[in-house]
S.K.: 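Got a structure for you, written out below as structure tokens; questions coming shortly.
Throughout, protein chains are lettered first and strands after them, A, B, ... in sequence-line order, and every chain is numbered starting at 1.
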Amino acid sequence: MPELPEVETMCRGLDCVVGGRIIAAEFPRSRVRPLAVEPGPALLCRRITGRTLAAVRRRGKRVVLELAGDDRSIDPLWLAIEPRMTGLMLVAEPPSPEHVRLVLEFDHGRRTVDRPRRVLFWDRRGLGTITLYDRAGLEAACGGVKLGPDGLEVTGVELASRLGRSRRAVKPALLDQRAVAGIGNIYAAEILFRVGIDPRSLCRRLPAEAWERIASAARSVLAEAVRFEGSSIGDETYRTADNRVGRFQHRHRVYGRADLPCLTCSQPIVRIVQTQRATFFCPQCQRRPGSRRRT
DNA sequence: CGTTCAACCTGGGCGC
DNA sequence: TGCGCCCAGGTTGAAC
């Protein structure tokens, strides 16, 4: 589920809690298997209780809560939540009680009215992760070695230098978070449609100019998707923190549109599988820049 | 080294 | 109704 635009929307939806103090943290018991928590549920709860939420930031597809100590002399900690496929950050009621993975209870702070008192992490499949970091740990896990430049700011030069010599097809390459952070299966397809490049094109055969177009499309598609608060597909899917559906799915040109007519040329959209993931594209509108054009 | 692949999970939808 | 299979927005570590 959540890619850059959805995670960015989650983060913005938690801004209303910034400044609050965590008075309780809990990993509810449930029939479903627990997800990965570092350094373990009990210790994590102990270490974050009493801290103040100083900021909410996004690192790639993670929500990162900056937790300040009571005292200026105490270093902050960072709680990184990785929603993976089905995770949601909520200030609203969860879709189901049994998949609530983490509950953070906040005091009222100075603003007493309209501030949510609880933040939930809800995750149906349980593939998500919750990790508490110190400064060095955060940098090691979410820093420039692990994550490439953010998709909202990536440049053609950066993409060309990171992927230009790769033997991979361009679409799976765009999912590599070390090359560019935040692009997932939906937005990779939408970006390549908008630049008219076949997802099977080999990276090393793309000219420098193609990387400029891809980077530009990545920035604009992701920014537009953020404005539309992400993509909600089907029931029990991505929601904003206050439980509204995203609206970018109405602007998808290829993702999920197998066999439907291309909105540009009316030819059917094709679904293929690349590295175990579905890829949607228009064979008419999307070409391989490195190969010969048919006449 | 670079790239691919099975595995981690739950649950909805579909064909039989 | 029920069963078995396929599918799903992601990432990791082992295997080629």
S.K.: Same cluster for V221(A) and V154(A) if Ile/Leu/Val/Met/Phe/Trp/Tyr side chains link at under 4.5 Å?
M.R.: yes
S.K.: Could you state the CD-C1' distance from Q249(A) to dG9(C), rounded to the nearest angstrom?
M.R.: 12 Å
S.K.: Hey, are T240(A) and E229(A) close enough side-chain-wise for a donor-acceptor pair under 3.5 Å?
M.R.: no
S.K.: Verify the neighbour count for atom CZ of R117(A): are there more than 12 heavy atoms of other residues, nucleotides or ligands below 6.0 Å?
M.R.: no
S.K.: Could you give the CD1-to-C1' distance, from I130(A) to dT11(C), as a whole number of Å?
M.R.: 16 Å
S.K.: Which part of the nucleic acid, if any, lies within contact of I233(A), taking any heavy atom under 4.0 Å across all strands shown: a base, the sugar-phosphate backbone alone, or nothing?
M.R.: base
S.K.: Taking the same atom, C1', in dT3(B) and in dG9(C), what whole-Å distance lies between them?
M.R.: 23 Å
S.K.: Under the salt bridge (charged side-chain N to carboxylate O under 4.0 Å, His left out) criterion, do D176(A) and R162(A) qualify, and how do the steps go?
M.R.: CA-CA 10 Å; D176(A) 182 346; R162(A) 284 153 193 269; over 6 Å; no
S.K.: Output the rounded distance in Å from CD (E82(A)) to P (dG10(C)).
M.R.: 11 Å
S.K.: Do other residues, nucleotides or ligands put more than 12 heavy atoms under 6.0 Å from the CD atom of E93(A)?
M.R.: no
S.K.: Once you round it to whole Å, what is the distance between C1' of dC7(C) and CZ of R271(A)?
M.R.: 8 Å
S.K.: Closer than 4.0 Å, any side-chain N/O of R277(A) to the OP1 or OP2 of dG9(C)?
M.R.: yes
S.K.: Which part of the nucleic acid, if any, lies within contact of S232(A), taking any heavy atom under 4.0 Å across all strands shown: a base, the sugar-phosphate backbone alone, or nothing?
M.R.: base
S.K.: Could you tell me whether the side chain of T237(A) has a donor or acceptor atom within less than 3.5 Å of a complementary atom in the base of dG9(C)?
M.R.: yes
S.K.: For DNA chain C, what string of dots and brackets results from 5' to 3' when Watson-Crick and G-U pairs need both distances under 3.5 Å, crossing pairs get [ ], and pairs with another strand get |?
M.R.: .|||||||.|||||||
S.K.: Could you state the interatomic distance from NZ (K171(A)) to CG (L192(A)), rounded to the nearest 0.5 Å?
M.R.: 9.0 Å
S.K.: Any base atoms under 4.0 Å from T86(A), or only sugar-phosphate, or nothing? Heavy atoms, all strands.
M.R.: nothing
S.K.: Categorize Q177(A) for me: base, sugar-phosphate, or nothing, with a 4.0 angstrom heavy-atom threshold over every strand shown.
M.R.: sugar-phosphate
S.K.: Can you tell me how far P of dG2(B) sits from CZ of R204(A), to the nearest Å?
M.R.: 12 Å
S.K.: Ion pair present between R135(A) and E139(A), side-chain N to carboxylate O less than 4.0 angstrom?
M.R.: no
S.K.: Do F248(A) and Y255(A) make the cut of ring centroids closer than 6.0 angstrom?
M.R.: no
S.K.: If you draw a 6.0 Å radius around CZ in R219(A), do more than 12 non-hydrogen atoms from other residues or ligands fall strictly inside?
M.R.: yes
S.K.: Figure out the CG/P separation between L174(A) and dG10(C), and round it to whole Å.
M.R.: 13 Å
S.K.: Closer than 4.0 Å, any side-chain N/O of K61(A) to the OP1 or OP2 of dG9(C)?
M.R.: no
S.K.: Would you mind telling me which of V273(A), D198(A), V254(A), I272(A) makes a side chain to side chain contact (heavy atoms under 4.5 Å, CB included) with T279(A)?
M.R.: I272(A)
S.K.: Using a 4.0 Å heavy-atom cut-off to protein, can you give one letter per nucleotide of nucleotides 4-12 of chain B, 5' to 3': B if the base is in contact, S if only the sugar-phosphate is, - if neither?
M.R.: SBB-BBBS-
S.K.: Just by distance, with hydrogens left out, do S96(A) and W122(A) show a side-chain donor and acceptor under 3.5 Å apart?
M.R.: yes
S.K.: Rounded to whole Å, please give me the gap between CG in L175(A) and P in dT12(C).
M.R.: 13 Å
S.K.: Over how many whole Å does the gap from E38(A) atom CD to dT11(C) atom P extend?
M.R.: 18 Å
S.K.: For a quick check of understanding: with a heavy-atom distance under 4.0 Å over all strands, which category does A36(A) fall into, base, sugar-phosphate or nothing?
M.R.: nothing
S.K.: Tell me which one of E82(A), Q177(A), E8(A) satisfies side chain to side chain contact (heavy atoms under 4.5 Å, CB included) with K61(A).
M.R.: Q177(A)
S.K.: Distance only, no hydrogens: is a donor on one side chain within 3.5 Å (strictly under) of an acceptor on the other, for Y238(A) and E3(A)?
M.R.: no
S.K.: For nucleotides 4-6 of chain C, list the nitrogen or oxygen atoms of the protein found under 3.5 Å from its nitrogen or oxygen atoms, one pair per line.
M.R.:
none

S.K.: How would you label the contact of Y187(A) with the nucleic acid (heavy atoms, under 4.0 Å): base, sugar-phosphate, or nothing?
M.R.: nothing
